[in-house]
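Each remark here refers to the structure printed beneath this line.
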Protein chains: 2
Amino acid sequence: MKPTVHDIARSAGVSLATVDRVLNARPGVREGTRVRVEEAIASLGYVRDVAAANLAKSRVYPFVFILPVNENPFMLGLRREVEEAIARSGTERTRIEVIDVPALESAALVAALDKVAAGDAAGVAFVAVDAPDVREAAGRVAAAGIPMVTLVSDLSQSPRDHYAGIDNIAAGRTAATLMGRFLGSRQGKIVPLAGSLMVRDHRERLDGFAEVMRQNFPHLALLPAVEGRDDPELVETLIGDVLRQHPDICGIYSLGAGNRGLLPVLEAKPLSPAPVVILHELTGLSSAALVDGTIDAVLNQDAGHEVRSAIRVLKAKADGLPVIAAQERIRIDIFLKDNLP
Amino acid sequence: MKPTVHDIARSAGVSLATVDRVLNARPGVREGTRVRVEEAIASLGYVRDVAAANLAKSRVYPFVFILPVNENPFMLGLRREVEEAIARSGTERTRIEVIDVPALESAALVAALDKVAAGDAAGVAFVAVDAPDVREAAGRVAAAGIPMVTLVSDLSQSPRDHYAGIDNIAAGRTAATLMGRFLGSRQGKIVPLAGSLMVRDHRERLDGFAEVMRQNFPHLALLPAVEGRDDPELVETLIGDVLRQHPDICGIYSLGAGNRGLLPVLEAKPLSPAPVVILHELTGLSSAALVDGTIDAVLNQDAGHEVRSAIRVLKAKADGLPVIAAQERIRIDIFLKDNLP
DNA sequence: AAAAAGCTGAGGTACGTAAATCAGATTTTT
DNA sequence: AAAAATCTGATTTACGTACCTCAGCTTTTT
C-alpha cells in the first residue's frame with residue numbers, strides 16, 4: 001500500500017499539518033521536528049499523490065503559449081494543435097492563453113515574455129527568436145520562477161527548462177545524406193530553398209546540410225540558398241530563375257515553408273532527368289507530391305507531439321517532477337511515399 | 001467553472017445519489033428521472049473528473065502484460081520499458097503484472113489470455129502470435145469485457161481495441177525504397193535476413209519489401225530470405241554461406257533481430273563494393289555500425305513509446321474515454337548516421 | 001389488511017492532499 | 001510579573017466523485 005501523509009504523520013509522531021508544512025516547505029516547524037518528518041518521508045518512500053493534491057488545490061495550470069502570426073502551413077498546424085490542447089483543458093486541468101506576436105520580431109516577443117514574467121502563469125511556451133533581447137527577457141521569466149519551454153525554435157544560452165522541437169542541424173545533415181545517396185553517381189548542382197536565413201531553424205538546417213554535402217559529396221556543387229520568405233509567388237519566381245540559370249541542377253532541398261511555391265514549378269515543367277527533391281513539413285501538398293513522385297522525401301516535425309510534450313514538461317516542472325527524457329525527445333520524422341501516415 | 005455532480009443534481013432537481021446512479025448506470029432510477037438527469041448532464045456539458053473519481057474509488061488499474069521470453073535486444077528492451085512503467089506504477093495508479101510465455105508458442109499465450117479473461121484485470125497488452133487459437137482466446141478476453149491491446153505484433157481479425165506497434169508492411173516498403181534508391185544504377189542481388197517467417201511482423205516486412213523491389217527496382221534480384229532464427233551463430237554461418245554463393249550481392253535487409261550475427265560478418269571481411277545494408281532495431285551495435293559506415297540505415301520502433309501508448313490506451317478504454325489517435329500512432333523511425341538520438 | 005419486498009431518493013463518509021482555523025506553549029515586550 | 005507576540009502543532013473543512021446506509025414510498029405477497 002502506498003504511504004500517505006497520514007502514515008508519515010503517525011510514523012513521525014506529528015500531526016498532518018506539520019507534515020504538510022514540511023512537504024510544502026512552509027514555515028512554522030522546529031528544526032528537529034522537520035528532520036524527523038523528513039526521515040519518515042524518506043524511510044516510507046512517500047511520493048505525493050499529484051492527482052489528490054491538484055484536487056485539494058482545485059488546481060489549474062495557467063499556461064501561456066506565445067505564437068508567431070504566420071500563414072505558413074506548419075505554423076497554422078501548430079496553432080491548431082494548441083487549440084486542440086485548449087479543447088482538452090477541462091480534463092487536463094490546464095488553462096491556456098495564447099499570445100499572438102508578429103513573426104520574427106523580437107520586440108513583440110520580449111513584451112509578451114515580460115507580460116508573462118509579471119503575471120501568475122504556471123509556465124510559458126514560446127517560439128523563440130534567437131536574439132539577445134529575447135534572451136534577456138527569458139532571463140526575467142526564469143527569475144520570476146516561471147517554467148519555460150521553447151517550441152519549434154530554440155533560444156541558445158538561455159535559461160529555458162526544455163526545448164520542444166527537433167535538432168535542426170541533424171535534420172539538415174539527414175537531408176544531405178539522403179540527397180547524396182539518392183543521387184548516387186549523378187553530377188550537378190544542389191540548390192537549397194530557405195524562408196529566411198535570419199531564422200535560426202532555417203540557418204541550422206542549411207548549416208547541417210552544407211557541412212555533410214561538403215564533407216561526403218564534394219562532387220555536388222552547393223548553390224547559395226534561395227531565400228523565398230515562404231512566399232509562394234516569390235518562391236515561384238526565384239526558383240524558376242535559378243532553374244533557368246543552372247540547367248544542371250540535380251537536387252533541391254526546401255528547408256523552409258516554401259513548398260506552395262516550389263511544387264507548382266516542379267509539376268509545371270518537369271526537369272529531365274528529374275532532380276532529387278527533399279522538403280520539410282508534411283502537408284496535404286507535400287504528401288501528394290510524395291505519392292506522385294514529384295518529390296523524394298519529406299522531413300517533418302510533429303506539431304501535435306511538440307505541443308503535448310511542451311504541456312507535459314511544463315506541468316512536470318510546475319510540480320517539481322522529473323520528465324521522461326526519451327518520451328519528450330521530438331524526433332525528425334522521415335517520410336518516403338511508403339510510410340506516409 | 002467546470003460543472004460538477006452537484007450542479008447537475010441542482011439543475012435536475014434530484015439528489016447526488018440519483019445523479020451518481022445515472023452516471024454509473026446503476027439501477028434504481030425511474031425512467032423519467034433518468035431522462036431529466038441526462039438532459040441536465042448534456043446541457044451543462046458535464047464531464048466526469050477522472051482524477052477525483054479515481055481518488056474516490058482508490059482505483060488502481062490492474063493491467064497484464066504478456067511478454068515472450070526472448071533474448072533478442074528488442075524484446076529485452078521492451079521488457080525493460082515495461083519494468084520502467086512498473087516503477088512508475090505508484091504515480092500512475094497502475095499495477096502491472098507481467099506474464100512470461102515462451103516465444104512463438106500460441107498454446108502458452110492462449111493459456112495466459114484465458115487466465116486474464118478469468119481474472120479481474122482492467123486491461124491486457126500482449127505480443128500476439130497470429131494464430132487461430134490465439135484469435136479465439138482474444139475473443140474470450142473481449143467477451144469478458146477486458147480492454148485489449150496488441151503490442152509490437154498484431155492479431156488480425158481480432159477484437160483487440162488497439163494495436164501499439166508499427167505498420168510492418170510499410171516498414172518493409174520503406175526499406176525497399178531506401179535500398180533501391182541508395183543503390184542507384186548498381187546491379188546485383190539483394191538478400192533479406194529474417195528471424196523466422198512464421199512471425200507475422202517478419203513476414204509482413206518481407207512482403208512489403210519484396211513488393212516494392214519487384215515493382216520499382218526490377219533490375220535487382222531478390223534472393224529467398226535467410227531465416228536465422230535471430231541466433232547470432234546461425235546467422236553468421238548462413239550469411240557467410242550466402243555471401244560466398246552469391247558474390248554479386250549488393251544489398252542486405254535484416255528485418256529481424258539477427259544483427260548480432262550479421263554485423264561481425266560485415267566487419268570481418270568487408271565486401272567491395274560495399275553492399276547497402278539496412279537493419280531493423282536501433283541498438284548500441286547497430287548505432288555504432290551506422291556511425292562507422294558498415295550499414296546505411298536503421299528502421300526502428302520505439303519500445304518505450306509502444307509501452308507508454310499501450311498503457312494510455314488501456315486506461316482510456318477502461319474509463320470509456322476517447323484516445324488521441326495521432327498521439328498513439330507508433331511511427332517507423334528511420335535513422336541515418338546523421339539523426340541518431 | 002398486514003407484512004414483506006422492492007423502488008427511489010437523501011445523507012453521510014471516504015479517497016489523499018491543501019489550507020484555514022484553532023489551541024497550547026514559549027518567548028518577548030512593557 | 002502580566003500582557004502581548006511569536007512559535008509550533010492539532011483539528012477541521014474542502015476538492016469532486018464513489019458508494020454505503022438509511023428512510024419513505026409503492027407494490028407484491030400472504
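The figures here come from the full heavy-atom set of this structure, side chains too, leaving out hydrogens, waters and symmetry mates. Each chain gets a letter, A, B and so on, in the order the sequences are listed, and its residues count up from 1. Since this is a predicted model, take the numbers as computed values, not measurements.
- Helix-axis bend for the helix from C:dA1-D:dT30 to C:dT30-D:dA1: the local axis fitted to the five terminal pairs at one end deviates from that at the other end by 50°, rounded to 10°.
- Backbone-only contact: A:T18 has heavy atoms under 4.0 Å from sugar-phosphate atoms and none from a base.
- Atom CG of residue B:D114 and atom CZ of residue B:R140 lie 4.0 Å apart, to the nearest 0.5 angstrom.
- Every side-chain hydrogen bond (donor to acceptor under 3.5 Å, both in side chains) that B:R308 has, sequence neighbours left out, goes to A:Q327.
- Residues that satisfy the side-chain hydrogen bond (donor to acceptor under 3.5 Å, both in side chains) test with B:R88, not counting sequence neighbours, are B:E92.
- For the side-chain hydrogen bond (donor to acceptor under 3.5 Å, both in side chains) test, residues two or more places apart in sequence or in another chain that qualify with A:S153 are A:D201.
- Listed by chain and number, the residues in a side-chain hydrogen bond (donor to acceptor under 3.5 Å, both in side chains) with A:T94 are A:S89 (sequence neighbours excluded).
- The 12-atom threshold is exceeded at CZ of B:R34, counting heavy atoms of other residues, nucleotides or ligands nearer than 6.0 Å.
- With a cutoff of under 4.0 Å to any heavy atom of chain B, the contacted region of DNA chain D is bounded 5' to 3' by D:dG16 to D:dC19.
- Every residue meeting the salt bridge (Lys or Arg N to Asp or Glu O under 4.0 Å) condition with B:D154, not counting sequence neighbours, appears here in chain and number order: B:R160.
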Could you write out each protein N or O paired with an N or O of nucleotides 15-18 of chain C at a distance under 3.5 Å?
from	atom 1	to	atom 2	distance (Å)
C:dC15	O2	B:L55	O	3.4
C:dC15	O2	B:A56	N	3.1
C:dG16	N2	A:A52	O	3.2
C:dT17	OP1	A:Y46	OH	2.6
C:dT17	OP1	A:D49	N	3.1
C:dT17	OP2	A:V5	N	2.8
C:dA18	OP1	A:R48	NH1	2.2
C:dA18	OP2	A:N24	ND2	3.4
C:dA18	OP2	A:R48	NH1	3.4

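- Every residue two or more places apart in sequence or in another chain that forms a ring pair (Phe, Tyr, Trp, His ring centres under 6.0 Å) with B:F63 is listed here: B:Y61.
- Counting only residues at least two apart or in different chains, salt bridge (charged side-chain N to carboxylate O under 4.0 Å, His left out) contacts with residues 36-64 of chain A comprise A:D49-B:R93, A:R59-A:D319.
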Next on the checklist: Protein within reach of the bases, or only the backbone? For nucleotides 21-27 of chain C, mark each nucleotide 5' to 3' as B, S or -, using heavy atoms under 4.0 Å.
Outcome noted: B------
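- The number of heavy atoms from other shown groups lying within 6.0 Å of CZ (A:R80) does not exceed 12.
- With a 4.5 Å cut-off on side-chain heavy atoms, B:F65 and B:R79 do not count as touching.
- Scanning for salt bridge (Lys or Arg N to Asp or Glu O under 4.0 Å) contacts around A:R331 gives B:D333, with sequence neighbours left out.
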